[in-house]
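A quick write-up on the structure given underneath.
In this text the structure is predicted, and so the values were computed from the model without any measurement. Every chain is numbered from 1, with letters handed out A, B, ... down the list of sequences.
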Amino acid sequence: MVPKLILIINYNKKMNEQKRVVGLGFPSISTNFGDFPIDIAAEIGCEAIKEFLKLHKEFDFKLILTEQDSKVLNVFELKWKEIKDDLEDFKFQTKKGNLLQLKSDLRIECRFIVVETTWRMKPGTNQLSKQIFDALGSKLHEELKRLYPKPGIVGEAYPVKIPKDSDLHKSEGIEQIIFVVSPNMNPSRPDPISLEKAKELLKKTYDSILNAFWELTNGQEYRSITTIKDNVQEVSAFDILMKSASKPSFKISPESSRRTPSKVGSGGWNNVLLPYCQKPEMFPKSEVYYYDNEFVIIFDKYPKAKNHLLVIPRKQIDNIGELKKQNLELVRALKEKGQWVIEKMKQENPKLFFRMGFHAVPSLRQLHMHVISQDFISPSLKNKKHWNSFTTEFFIDVEEIERILEKQGEVKFNKAYYEDLLKSPLKCHLCDAKSIKFIPDLKKHLEEHWNES
DNA sequence: GTTCTAGAAC
DNA sequence: GTTCTAGAAC
């Protein structure tokens with residue numbers, strides 16, 4: 001009898017490659033000065049954290065709850081153990097200590113920390129914020145006032161960059177502070193609210209914090225993370241309309257949420273579109289314009305024109321290179337959704353006209369169709385690559401993809417050829433006579449076209 | 001995809 | 001002084 005072979009599998013070392021984990025340090029929100037009951041706060045906090053970590057599973061985030069009071073930490077820890085499921089332990093930890101000395105005291109580096117403040121965002125409203133303003137001087141207050149001149153709203157997050165030459169940055173590795181206006185139930189402080197109301201707002205506060213953290217870790221500039229839309233009437237009517245348009249048959253396959261080995265180092269910036277497909281409902285209306293079971297339509301984070309959206313199938317498809325003849329129906333459905341959104345946009349600004357299509361060599365994973373107005377007036381349009389990616393052959397109309405699929409059954413491009421196109425000299429897409437050398441001149445030229453139209 | 005930086009080119 | 005370019009880092 002032949003002895004059984006024992007195979008020793010050598011796991012590729014790359015699987016364990018060091019990745020830079022991004023940290024967020026935060027206190028237990030509302031339980032210090034807001035009089036919010038700790039057990040309920042822990043439940044709300046842990047649930048929000050769990051939702052966030054599950055949604056962004058492929059990212060190595062570590063969320064560090066830091067408090068001086070071990071009692072609070074214990075309550076959170078117990079709650080977390082109860083609900084954490086299969087989430088890795090390092091992703092959420094509780095630490096006894098000072099949020100501003102995580103690195104020097106505990107060797108934990110958090111590039112972002114959360115500090116509670118009041119609606120006035122005044123310095124020194126609590127001990128932690130006092131320490132921060134002591135450390136950073138009046139500059140931080142000025143910066144806060146500059147960025148957020150309006151009063152803070154309860155439940156919202158307000159990130160601020162801190163100076164690179166400050167001790168907090170140099171010795172503690174803190175890059176940004178996310179100020180939050182947290183709900184208050186303390187009757188000795190102004191405007192205490194009921195537990196019911198506070199519960200709702202605490203959840204919103206955690207969501208805002210995590211949303212801000214998510215945006216900041218993807219190379220965003222800081223800005224107020226607003227989730228409020230005051231016209232509730234309009235939103236709900238819109239939702240109803242959307243629901244009736246959706247088809248209930250489609251389910252996301254479990255594979256679509258599997259961990260994808262990131263081609264790039266840490267963070268996985270090229271995967272940023274995936275969470276929108278997995279859980280579009282988690283994102284504010286300012287990011288997700290529409291979703292149903294099959295598609296998500298989001299606002300491009302760096303719009304290259306007055307209107308720039310992405311229509312994305314929720315089913316996992318990396319790029320146009322994966323499309324086969326049997327995907328023709330999907331491409332046509334993308335086009336239809338695109339046409340629908342163009343109509344919507346035109347209702348608000350009839351001057352606009354649009355193109356919809358794909359980049360020949362996209363940077364981001366997950367098939368996405370650009371729907372972009374042809375004014376190209378936007379501060380995010382900054383360089384030649386941006387311009388050429390929408391105005392040369394590099395941009396492929398959806399109809400062209402349709403034709404290629406019909407004829408050839410697949411879409412295969414010469415990558416080098418298309419990448420070279422991005423270096424072409426600047427040329428106006430409307431009047432071919434004029435040759436323009438510099439981006440600032442092009443932008444002025446585009447403004448003229450817009451004003452004439 | 002973006003930001004940041006340094007150096008070159010204008 | 002301004003703008004572009006290219007590369008690294010995220």
Side-chain angles (χ1 to χ4, degrees), chain A residues 17-24 56 58-62 109-112 147 159-165 169-170 173-176 212-223 225 260-277 283 287-288 296 298-305 308-312 318-321 357-372 376 378-390 394-395 415-416 418-427 435-446:
Chain A
E17 236 173 31
Q18 35 78 294
K19 279 189 225 105
R20 212 171 137 199
V21 180
V22 188
L24 171 74
H56 302 296
E58 65 267 37
F59 296 89
D60 288 313
F61 293 137
K62 65 174 182 213
E109 193 166 341
C110 286
R111 281 161 60 192
F112 307 96
L147 287 169
V160 178
K161 259 184 196 165
I162 68 169
K164 283 188 176 165
D165 57 1
H169 192 286
K170 283 192 295 189
I174 298 169
E175 290 172 17
Q176 302 212 23
F213 176 60
W214 163 249
E215 297 222 340
L216 292 170
T217 53
N218 283 290
Q220 309 306 304
E221 287 184 26
Y222 45 82
R223 61 186 172 89
I225 310 303
T260 40
S262 46
K263 278 191 226 160
V264 290
S266 71
W269 56 262
N270 55 351
N271 283 326
V272 290
L273 294 181
L274 299 185
Y276 291 104
C277 303
F283 295 89
E287 288 178 47
V288 173
V296 194
I298 66 171
F299 293 100
D300 192 292
K301 217 157 220 165
Y302 300 93
K304 305 299 186 290
H308 184 183
L309 298 100
L310 306 177
V311 186
I312 312 171
D318 229 48
N319 52 53
I320 43 175
F358 303 83
H359 281 157
V361 187
S363 299
L364 299 180
R365 302 182 58 177
Q366 184 66 6
L367 185 71
H368 55 282
M369 182 180 75
H370 293 270
V371 173
I372 183 164
F376 294 113
S378 165
S380 295
L381 196 152
K382 292 177 176 169
N383 57 46
K384 188 179 263 187
K385 184 179 171 184
H386 292 154
W387 177 253
N388 285 331
S389 72
F390 288 100
F394 191 90
F395 189 84
K415 202 174 158 188
Y418 284 95
E419 280 175 341
D420 269 355
L421 285 175
L422 295 175
K423 295 169 187 161
S424 319
L426 300 176
K427 213 181 123 189
S435 93
I436 296 164
K437 216 164 184 186
F438 299 119
I439 291 285
D441 298 331
L442 173 67
K443 285 167 109 50
K444 281 177 211 151
H445 181 75
L446 291 169

Is there ring stacking between A/Y302 and B/dG1, where the centres must be under 5.5 angstrom apart and the planes under 30 degrees?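 No, aromatic ring not over the base.
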
Evaluate the ring planes of A/H359 and A/F395, with Trp represented by its six-membered ring, and classify them as parallel (under 30°), tilted (30 to 60°) or perpendicular (over 60°).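 Rings of A/H359 and A/F395: perpendicular, over 60°.
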
Report the relative orientation of the aromatic rings in A/F390 and A/H370; use parallel for angles under 30°, tilted for 30 to 60°, perpendicular for over 60°.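 A/F390 vs A/H370 ring planes: perpendicular.
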
When we call it a touch if two heavy atoms are under 4.0 Å apart, what does A/K385 touch: a base, just sugar-phosphate, or nothing?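 No contact at all - A/K385 keeps every heavy atom at 4.0 Å or more from the nucleic acid.
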
Quick one: label A/K384 by what it contacts on the DNA or RNA (base, sugar-phosphate, nothing), any heavy atom closer than 4.0 Å.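 Answer is sugar-phosphate: A/K384 comes under 4.0 Å of backbone atoms only.
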
5′-ward residue of the pair A/V361/A/F438 relative to DNA chain B: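 Its nucleotide being nearer the 5' end, the pick is A/V361.
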
Residue whose closest nucleotide on DNA chain B lies nearer the 5' end, A/K437 versus A/N383: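 First, find each residue's nearest nucleotide; the 5'-ward one identifies A/N383.
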
In whole angstrom, what separates [X]'s [atom1] from [N]'s [atom2]?
X	N	atom1	atom2	result
A/L442	C/dC4	CG	C1'	14 Å
A/L422	B/dG1	CG	C1'	13 Å
A/I436	C/dC4	CD1	P	12 Å
A/E215	C/dC10	CD	P	21 Å
A/L381	B/dT2	CG	P	10 Å
A/D300	B/dT2	CG	P	8 Å
A/N270	B/dG1	CG	P	11 Å
A/K304	B/dG1	NZ	P	7 Å

With no hydrogens and no angle check, just 3.5 Å: does a side-chain donor-acceptor pair link A/Q366 and A/Y276?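 Result is no, nothing qualifies.
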
Looking at the side chain of [X], which of [options] is the nearest nucleotide?
X	options	result
A/K164	B/dG1, C/dT3, B/dC4	B/dC4
A/P440	C/dC4, B/dG1, B/dT3	C/dC4
A/K382	B/dT2, B/dT3, C/dC4	B/dT3

Are A/H359 and B/dG1 close enough that a side-chain N or O sits under 4.0 Å from OP1 or OP2?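 Answer is yes, contact under 4.0 Å.
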
Is there a side-chain contact between A/K161 and the phosphate of B/dT3, meaning an N or O under 4.0 Å from OP1 or OP2?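 Looking at the OP1 and OP2 atoms of B/dT3, neither is under 4.0 Å from any side-chain N or O of A/K161.
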
Any side-chain heavy-atom pair from A/V22 and A/F213 closer than 4.5 angstrom?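 Answer yes - side chains close enough.
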
If you draw a 6.0 Å radius around NZ in A/K384, do more than 12 non-hydrogen atoms from other residues or ligands fall strictly inside?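 Check passes, neighbour count above 12.
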
